Amino acid sequence: MSPVTVTFLMLVFLESFKLSFCGRNHNVTCIQSERQALLRFKQHLKDPSNRLSSWTKNGDCCRWDGIICSNVSGHVIELHLGSSRGTRKLGGKLNPALLDLNHLTYLDLSDNDFRQTEIPTWFWNMSSNLSYFNISRNQFQGSIPDLLTMTQPSVLIDLSCNNFTGSLPLLSSNVTAIDFSFNSLSGSMSHFLCHKLNEPMKLEILNLGHNLLSGKIPECWKKWSRLVGIKLCDNNFSGKIPGSMGALTLLQSLHVRNNSVVGEIPSSLRHCGELVTVDFGNNQLSGDIPGWMGERLPKLIILSLHSNKFKCTLPEELCALSYLQILDLSHNNLVSEIPSCINNLSAMNLGNNSDDKIFYRTSKGSFFEDILVVMKGRVVNYSTTLKLVKTMDLSNNNLSGEIPEEVTSLAGLQSLNFSHNHLVGRIPYNIGAMTSLECFDLSTNNLSGEIPLTISDLSFLSHLNLSYNKFTGKIPTGTQLQSLNADSFYGTKLFGPPLSESSTDVRFGTGSGVLKNREDRHQVDWFFLTVELGFLSGFFGAVFLLMLCKSGRLVHFQYVDETGHSLEIVESFGVNRTKNLYSGI
């Protein structure tokens, strides 16, 4: 599993009535038949760390670890058997003795290891009495039956991170929150979403991310008017974003990232004025980035539209988003200048808030937000510390003009990426005022002049890429600058540490490189080409000998291409797989 997908915490439930695993009930005595049922259930469990040692034959089950009894009747009402850090996981088989716990309303078996067990029918039937049903992060498999008979007035169901297959189940109108993410559910969601259109639903959280769902996202959202958070990311959805989503006036979080959705952002979403997060990255959306997003969605903290087909100017209306902390419009075709009103993004001007989470309150508790952010050259999933993250990425567009001086007022920004555009002029002199900056990428533009001395004031700077521009002069002295890799300055006429004298002669002298700037990339320096050809012939000769010496040998290497990006080539058993990696931020 890739480093991106292992960080699977999406919308995490914080029980408003959370009780500890070792909760005790001192005012009631265990009911005999329920104690026997629990002991039979224990017999079929594997308990390598002896977590259930308190479950003894003659003990009071209301005082056992993980058991909560009613203070009035003495019936077992809650079973807390989810694993926590530092404890070994339970395993084994599910015993139908649980059916004798007729008053059970809370069941947590999360984060255990039941070895690809298929959920028995009796277990699904028992779940109809539960208000909290969490079997996430196990290896359960099979299909999920329709969940239409949930009797409790408000129900949370978490089946995430298992191996469930088949289609989405139909839901009872009493279900308040579901998390089916990180499974292998497939097919359309039409039957799930459009069942009984005239029946209002109580659902507030819908997480279907990281499955194999496909087809169009249906136009059946009006009956789901209580929705606060929607996650449809990392599926195979196609078609357009439904206009009926505009009826979700309570919606705060909308993720449709990494699908094949086309068309424009529907204007009906202007009615979703509570939105805090809009994540439409890595689709095929086109047209304009609507200006009304800056006017009608004033609470936006996260706006991610990267890797789409937007061909438009960068709307100045976005400058009105005073709460915006993460802006990612990279990998599109934006064709304007960077607006000088950028300094109105006041949340990026400020230091970190003491509240490090973005969360949404619902009737069943609170749910954390999460987002994928490119930071320090890696794609990172942020959730519990998301409120501390402040980034702006406008890279890989067709932006022109100069970098506005006003950008230096964004003193809270940790990552700023304007790379791979057509920017001209100088780096703003007051760049040193951006004191929180850790990652700064201006590579592959037409910027010129000397590097401002104030860049040495960026004491947190750990990733800098100024390569393939027209910069001249000496690299300013500063501990963090001299500790950076030399390739941060390749393709320029800069000199001084961390550049070596030899690298300056070969890479940066007049007429000494194949790639000097954007205008003469197609001109060839024959001396440099001869050196490169000599190196390549020797290199591939060595690779050929290695392949002769050991059949099926794995060959793994990296090189920097002409755009400054690193490419990784993995060749094994005659199969060549190439993937682009970020070399900057």
Side-chain angles (χ1 to χ4, degrees), residues 4-5 10-11 167-168 180-194 203 205-222 224 227-248 251-272 275-293 296-297 300 302-312 315 318 326-334 369-374 379 381 393 396-397:
V4 175
T5 57
M10 295 295 126
L11 292 171
S167 59
L168 292 170
F180 293 165
S181 63
F182 287 91
N183 281 285
S184 297
L185 300 173
S186 59
S188 169
M189 66 180 297
S190 294
H191 68 289
F192 165 84
L193 202 69
C194 305
L203 196 68
I205 297 294
L206 172 64
N207 189 355
L208 303 178
H210 294 270
N211 278 285
L212 303 174
L213 300 169
S214 59
K216 295 181 179 180
I217 303 172
E219 287 275 7
C220 301
W221 293 94
K222 291 182 179 180
W224 306 85
L227 276 168
V228 173
I230 299 174
K231 260 191 175 302
L232 304 179
C233 52
D234 294 280
N235 280 285
N236 298 312
F237 290 120
S238 58
K240 297 182 178 182
I241 297 173
S244 60
M245 280 186 167
L248 307 178
L251 192 64
Q252 299 181 55
S253 175
L254 178 57
H255 294 259
V256 193
R257 180 186 68 245
N258 200 19
N259 283 283
S260 298
V261 176
V262 300
E264 300 184 355
I265 296 175
S267 61
S268 60
L269 289 183
R270 71 177 66 210
H271 303 301
C272 303
L275 275 169
V276 172
T277 297
V278 172
D279 181 8
F280 292 163
N282 200 18
N283 280 285
Q284 299 181 43
L285 295 170
S286 58
D288 293 342
I289 296 175
W292 54 257
M293 298 186 84
R296 301 295 295 272
L297 306 181
L300 275 183
I302 300 170
L303 177 59
S304 179
L305 304 177
H306 71 86
S307 306
N308 278 285
K309 297 180 178 180
F310 293 112
K311 186 174 183 180
C312 59
L318 295 185
I326 296 176
L327 175 63
D328 190 350
L329 306 180
S330 64
H331 294 270
N332 281 288
N333 191 15
L334 305 182
E369 181 62 278
D370 83 299
I371 195 73
L372 295 177
V373 176
V374 178
V379 180
N381 183 285
D393 192 346
N396 289 274
N397 282 286

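Nothing here was measured: the structure is a model prediction, and the numbers come from that model.
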How far does CG of Leu305 sit from CG of Asn283, to the nearest 0.5 angstrom? 10.0 Å

Does the side chain of Asn282 pick up a donor-acceptor pair with the side chain of Asn258 at under 3.5 Å? yes

When rounded to the nearest 0.5 angstrom, what distance separates SG in Cys233 from NE2 in His210? 4.5 Å

Is it true that a side-chain atom of Asn308 and a backbone atom of Gln284 form a donor plus acceptor pair closer than 3.5 Å? yes

Please report the shortest heavy-atom distance between Val262 and Leu285, naming the atom on each side. O-CD2, 3.6 Å

d(Lys231 NZ, His255 NE2) to nearest 0.5 Å is 4.0 Å

Answer yes or no: is there a side-chain heavy-atom contact under 4.5 Å between Phe280 and Leu254? yes

Does some side-chain heavy atom of Ile265 sit less than 4.5 Å from a side-chain heavy atom of Ile289? no

Yes or no on side chain to side chain contact (heavy atoms under 4.5 Å, CB included) for Val276 and Glu369, after CA distance, side-chain angles and deciding distance? CA-CA 10 Å; Val276 172; Glu369 181 62 278; 5.9 Å; no

side-chain contact (heavy atoms from CB on, under 4.5 Å) test vs Leu251 passes for just one of Leu275, Thr277, Val228, namely Leu275

Is the side chain of Asn211 donor-acceptor paired with the backbone N or O of Asn235 at a distance under 3.5 Å, no angle test? no

Has the side chain of Asp393 got a donor or acceptor atom that lies under 3.5 Å from a matching backbone atom of Val374? no

Find the distance between CZ (Phe192) and CG (Leu206) and round it off to the nearest 0.5 Å. 5.0 Å

Just by modelled atom types, is the Leu168 backbone N or O under 3.5 Å from a matching donor or acceptor in the His191 side chain? yes

Atom CZ of Phe182 and atom CG of Leu208: how far apart are they, to the nearest 0.5 Å? 12.5 Å

Measure across Leu248 and Trp224 and return the closest heavy-atom pair with its distance rounded to 0.1 Å. CD2-O, 3.2 Å

Donor-acceptor check, side chain of Asn332 to backbone of Phe310, threshold 3.5 angstrom: yes or no? yes

For a 4.5 angstrom cut-off between non-hydrogen side-chain atoms, does Met245 reach Leu269? yes

For Gly243 and Pro266 the tightest heavy-atom approach is CA-CB, 4.2 Å

Scanning both residues in full, the closest heavy-atom pair of Pro218 with Met189 reads CD-CG, 3.5 Å

Looking at Asp328 and Leu372, would you say the former's side chain and the latter's main chain have a donor-acceptor pair under 3.5 Å? no

Which atom pair, heavy atoms only, marks the closest approach of Leu297 to Cys272? CD2-O, 3.2 Å

Working note: Leu303 + Leu318, criterion side chain to side chain contact (heavy atoms under 4.5 Å, CB included); need CA distance, chi angles, decisive distance, verdict. CA-CA 10 Å; Leu303 177 59; Leu318 295 185; 4.3 Å; yes

Closest non-hydrogen atoms of Pro242 and Glu219, given as atom of the first, atom of the second and distance, are CA-OE2, 3.3 Å

Quick one: do Asn333 and Lys309 satisfy side chain to side chain contact (heavy atoms under 4.5 Å, CB included)? Show the steps, please. CA-CA 7 Å; Asn333 191 15; Lys309 297 180 178 180; over 6 Å; no

I would like to know whether Val261 and Ser238 meet side chain to side chain contact (heavy atoms under 4.5 Å, CB included); could you show each step before the answer? CA-CA 5 Å; Val261 176; Ser238 58; over 6 Å; no

Nearest 0.5 Å please: distance from the CG atom of Leu232 over to the OG atom of Ser181. 11.5 Å

Flag side-chain contact, heavy atom, 4.5 Å: Lys240 against Lys216: no

Can any side-chain N or O of Asn207 pair as donor or acceptor with the backbone N or O of Phe180 at less than 3.5 Å? no

